[in-house]
Number of protein chains: 2
Amino acid sequence: MTLDRAILRRLSEIVGPANLLTEAEDLAAYAYDATSRWAQRPEAVVFPTTTDQVAAIVRLAHERRFPVTPRGGGTNVSGGSVPIQGGLVLGLARMNRILELHAENLVAVVEPGVVLMNLNLALAQQGLLFPPDPQSAVGATLGGVVAENAGGPAGLKYGVTKHYVLGLEWVLPDGEVVHLGATTTKNRTGYDLTQLFVGSEGTLGVMTKAILRLIPKPPAARTLAAVFDEVAEAGAVVSKVLAAGILPAKAELLDRWVIQRIEEMMPLGLPTDADALLLFELDGAPEAVDREVERVTAICRASGARNVLVARNADEALRYWTARKAGFAAVFGKARTTLAEDVTVPRSQIPNLIRKCKELERASGITIVIIGHAGDGNLHPSILTDAEDPEHFQRAQELMHAIFNHALALGGVISGEHGVGLEKRPFLALAVSPRVLQVMKDLKRLLDPHGIMNPGKIWE
Amino acid sequence: MTLDRAILRRLSEIVGPANLLTEAEDLAAYAYDATSRWAQRPEAVVFPTTTDQVAAIVRLAHERRFPVTPRGGGTNVSGGSVPIQGGLVLGLARMNRILELHAENLVAVVEPGVVLMNLNLALAQQGLLFPPDPQSAVGATLGGVVAENAGGPAGLKYGVTKHYVLGLEWVLPDGEVVHLGATTTKNRTGYDLTQLFVGSEGTLGVMTKAILRLIPKPPAARTLAAVFDEVAEAGAVVSKVLAAGILPAKAELLDRWVIQRIEEMMPLGLPTDADALLLFELDGAPEAVDREVERVTAICRASGARNVLVARNADEALRYWTARKAGFAAVFGKARTTLAEDVTVPRSQIPNLIRKCKELERASGITIVIIGHAGDGNLHPSILTDAEDPEHFQRAQELMHAIFNHALALGGVISGEHGVGLEKRPFLALAVSPRVLQVMKDLKRLLDPHGIMNPGKIWE
């Protein structure tokens, strides 16, 4: 136990007793992230409502040396919000205001607890968009989106969260509040600490505000689905579309296993004997989008698509995208344990990566589902296993390792958007050299000398 | 003198005698950047041709404690490439190969000495574009573009250099070579050192390769120029265009002084009695661009434009953009000394900033030219003075200071794209808090304990 009575009393003073949880049954809910793969109860959970409160809490942790794990919606999937060393969970869900929204400047200022979907609903009313779209948008909060540098399907055209964070109000690990960046896209005043903190997984401090860059919502968007008899063939189509000068907003790949689960859950009339489905969203000016739909359809047909289904209206398009989301959920629902990987390769190497996964599946007899963001090379090969069956789980982990090595050999990375957290700690040394890892650890020690911020994450 | 004979001999061994300059007349050319505001001859200039040579040079500097100032095209304007503490200039112009170009992955790998314009000429042949477009593109090299996080007119729609750097090969200040990032847009393996090093102005090490994210070159682009009788009115139009859901590729503002200089140099038939010109480029699908040209024309007319000139073809458009470039050059040509500022404000505050500059001009009798990237709020108010007239120069610097303070009060920043270098060292403390400055200095000390990399820059 790291939180003694004096600390708990002080926490209660800072946030008020209604914003402090210490009962075992309350704490249980904060032991997990969205995967349920790791479990560790915190000793307490606080819900500050102001930056000053966050600063006071972190200062106390710095002085009394207890672990602080920031948490938003808890929707992350690499263990980032699991308080693996106990201590305090710093819940930011009650700091959930959109503080400013400037359509004419394409800028919003948000607190960390704002749910991503709620932000985009508010923005849509003014014709604006914050592009990053992790599948967890309905529950993910902006603090987590920034801490994990979230991606999603829109990464292909629009990049990831770091491309949309202009500035931060940030509580350093000793409790001092700093303001970084500004409301302008251009800002050249010293080192870009904003970009260093985006994606730092709660280990370098706590976001209390973010200044976000927005874009005008594209006036038109259309969806099409292309059906393929060979999944690797489908994976090759995206490069052909790009080489034709078309940059789709999204290009998602679903394999036969996922198609079948979708048809079980919400029949869309997808051919359950097909090997893969490629789902495209094209956005922009209406005339341009119409022409691109025709051109992508033609490219898919010329590349072996059995059929191309074009959504006739927004409702139909929404059904496809809901199915895509449900497909990913199904991956987690169908096995006791799912190792949903997050490897990313140069997109021309997608067919190669898919073939490797299929080979591994055949050789092992263990199901590897292929789903992911074909557009930006970020696939989520998901290994269905059971952590309570040690022999099976061991083999599953070996498969995971083989997929990592293959992705790296193809010039890829072991995590595209989920982060390292707890999940990839043992593998970080595959991805970065000893010196780079040392520089990262030196930065951590510089900013958090007592190691109180989200300890136990990123490296071992 | 910091370079003794043993050091010079070793440098000659590393790069070969043909790649080492030590004669005074040779060194003189490396004392300046593009502004000629600062002058300091280096003691030697080396031109390595491989990463190993760069590493050996930096390792030697680390061991023998001499200053190393990296230099590409020397086109920067804040003193970044001026070897203010003497020592060695590390010229990277001979590492000028485009190493890889993958159209299907939208990725290029370049050496630091590749000239930006040459990169885009090579990319255009494959229908690709690297969007950042500083006015110095004809001479600026990618090493400098990355070190300064270059911007330009395209910042409005496409962001700045940091949004297009996926990874780096980087020589740390002790000479060790590290590889950061990858060829994928999505990469979540630890802290984002790539983004920390972009914009670090040569103070944290040397880029020896960059992995760049590209976009498909938009199939169509059109240019229009709107003439206004009141410069602040022109400044307000950009926000109206954005609020209408149109995101131009570029939106540039030129005031009467610049219009008159352009007409002197290359008559385009611009009305020399007009107070301001707004120059737009709209790009995308042809039909969409045509419609946006009509809509922007209508918005300009409704906002008080006296006239809107639409370029009829690519040649005519090129003339406008050449005039824009020439206009900025004229600013430097018309005074002994030009303080070309780089303040950036939320774009809705542009009219406010312009009015303040006009007020200061009237009250002081010193010419302040207004030119810049109205689209992203990044203006270059340019104060025409003479550094050899101490009284005038002193008043000009006071005006500069007043403009900084006004930009900060409007929620802006003191440098949008030029960097701190030598020019803004005395003002950095206006822009960031003491603690933020301390964190930056701590990072510098962590990575460069002997302070050999581009010493004397960013802070005093």
Side-chain angles (χ1 to χ4, degrees), chain A residues 103-106 127 149 151 155 159-160 163 176 178 180 182-193 195-196 199-200 216 219 239 242-243 245 247 284-285 287-288 344 346-348 376-378 411-420 428 431-433 435-436 439-440 442-443 446 458, chain B residues 103-106 127 149 151 155 159-160 163 176 178 180 182-193 195-196 199-200 216 219 239 242-243 245 247 284-285 287-288 344 346-348 376-378 411-420 428 431-433 435-436 439-440 442-443 446 458:
Chain A
E104 75 287 11
N105 289 331
L106 302 176
N149 186 18
V160 295
H163 299 121
E176 184 164 342
V178 291
L180 305 167
T183 57
T184 63
T185 296
K186 289 179 174 173
N187 182 1
R188 291 283 295 102
T189 42
Y191 303 148
D192 200 334
L193 301 180
Q195 292 293 316
L196 178 63
S200 60
S239 290
L242 293 172
L247 191 57
E287 314 85 328
T344 305
R347 61 177 75 76
S348 62
D376 54 28
N378 179 208
V413 298
I414 62 171
S415 175
E417 58 186 16
H418 292 174
V420 180
L428 185 62
V432 302
S433 71
R435 178 65 188 274
V436 171
V439 171
M440 291 180 186
D442 287 345
L443 286 174
L446 177 66
I458 304 185
Chain B
E104 76 286 11
N105 288 330
L106 301 176
N149 187 17
V160 294
H163 298 121
E176 185 164 342
V178 292
L180 305 167
T183 56
T184 62
T185 296
K186 290 180 174 173
N187 181 2
R188 292 281 297 102
T189 42
Y191 302 148
D192 199 335
L193 300 181
Q195 292 293 316
L196 177 64
S200 61
S239 290
L242 293 172
L247 191 57
E287 314 86 329
T344 305
R347 59 177 76 76
S348 61
D376 54 29
N378 178 208
V413 299
I414 61 170
S415 176
E417 57 184 18
H418 292 174
V420 180
L428 185 61
V432 303
S433 71
R435 178 63 188 277
V436 171
V439 171
M440 291 179 188
D442 288 345
L443 286 174
L446 177 67
I458 303 185

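Bear in mind the structure is a predicted one, so any value in this text is a computation, not a measurement. In the text below, chain A, chain B and the rest are named by the order of the sequence lines, each starting its count at 1.
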- Query: Can you tell me how far NZ of Lys186(B) sits from CG of Asp376(A), rounded to the nearest 0.5 angstrom?
  - Reply: 3.5 Å
- Message: Please identify, among Leu242(A), Val420(A), Thr344(A), Asp192(A), the residue contributing the most non-hydrogen atom pairs under 4.5 Å to chain B.
- Response: Thr344(A)
- Query: Just how far is it from atom CG of Asp442(A) to atom CG of Leu446(B), taken to the nearest 0.5 Å?
  - Reply: 5.0 Å
- Message: Counting only non-hydrogen atoms closer than 4.5 Å, does Leu106(B) touch chain A with its backbone (N, CA, C, O), its side chain (CB onward), both, or neither?
- Response: both
- Contacting moiety of Val432(A), where chain B heavy atoms sit under 4.5 Å: side chain
- Greatest number of non-hydrogen atom pairs under 4.5 angstrom with chain A, of Ser348(B), Gly245(B), Gly190(B), Gly159(B), falls to Ser348(B)
- Query: So what's closer than 4.5 Å to chain A heavy atoms on Asn378(B): side chain, backbone, both or neither?
  - Reply: side chain
- Query: Applying the side chain to side chain contact (heavy atoms under 4.5 Å, CB included) test to Thr189(B), which of Val436(A), Ile458(A), Ile414(A) qualifies?
  - Reply: Ile414(A)
- What option among Val439(A), Thr183(A), Val413(A) has the most heavy-atom pairs under 4.5 Å with chain B? Val413(A)
- Between Glu417(B), Arg435(B), Glu287(B), which shows the greatest number of heavy-atom pairs under 4.5 Å with chain A? Arg435(B)
- Item | Heavy-atom pairs under 4.5 Å with chain A, option from Ala182(B), Gly412(B), Gly419(B), Ala243(B) with the top count | Gly419(B)
- Search all heavy atoms of Ser433(A) against all heavy atoms of Val178(B) and return the closest pair with its distance. OG-CG1, 4.5 Å
- Message: Among Ala431(B), Gly199(B), Pro346(B), Ala288(B), which residue has the highest count of heavy-atom pairs closer than 4.5 Å to chain A?
- Response: Pro346(B)
- Item | Segment of Leu180(A) engaging chain B (4.5 angstrom heavy-atom cut-off) | side chain
- Message: Looking at every heavy atom in both Gly155(B) and Thr185(A), which two are closest together, and how far apart are they?
- Response: O-CG2, 4.5 Å
- Task: Starting at CD of Gln195(A), measure out to CG of Leu193(B) and round the result to the nearest 0.5 Å.
- Result: 12.5 Å
- Note on the structure: Pair count under 4.5 Å, heavy atoms only, with chain A: among Ser239(B), Ala285(B), Ala103(B), Pro219(B), highest is Ser239(B)
- Message: Between Arg188(B) and Val160(A), does the side-chain contact (heavy atoms from CB on, under 4.5 Å) criterion hold? Intermediate values first, please.
- Response: CA-CA 11 Å; Arg188(B) 292 281 297 102; Val160(A) 295; over 6 Å; no
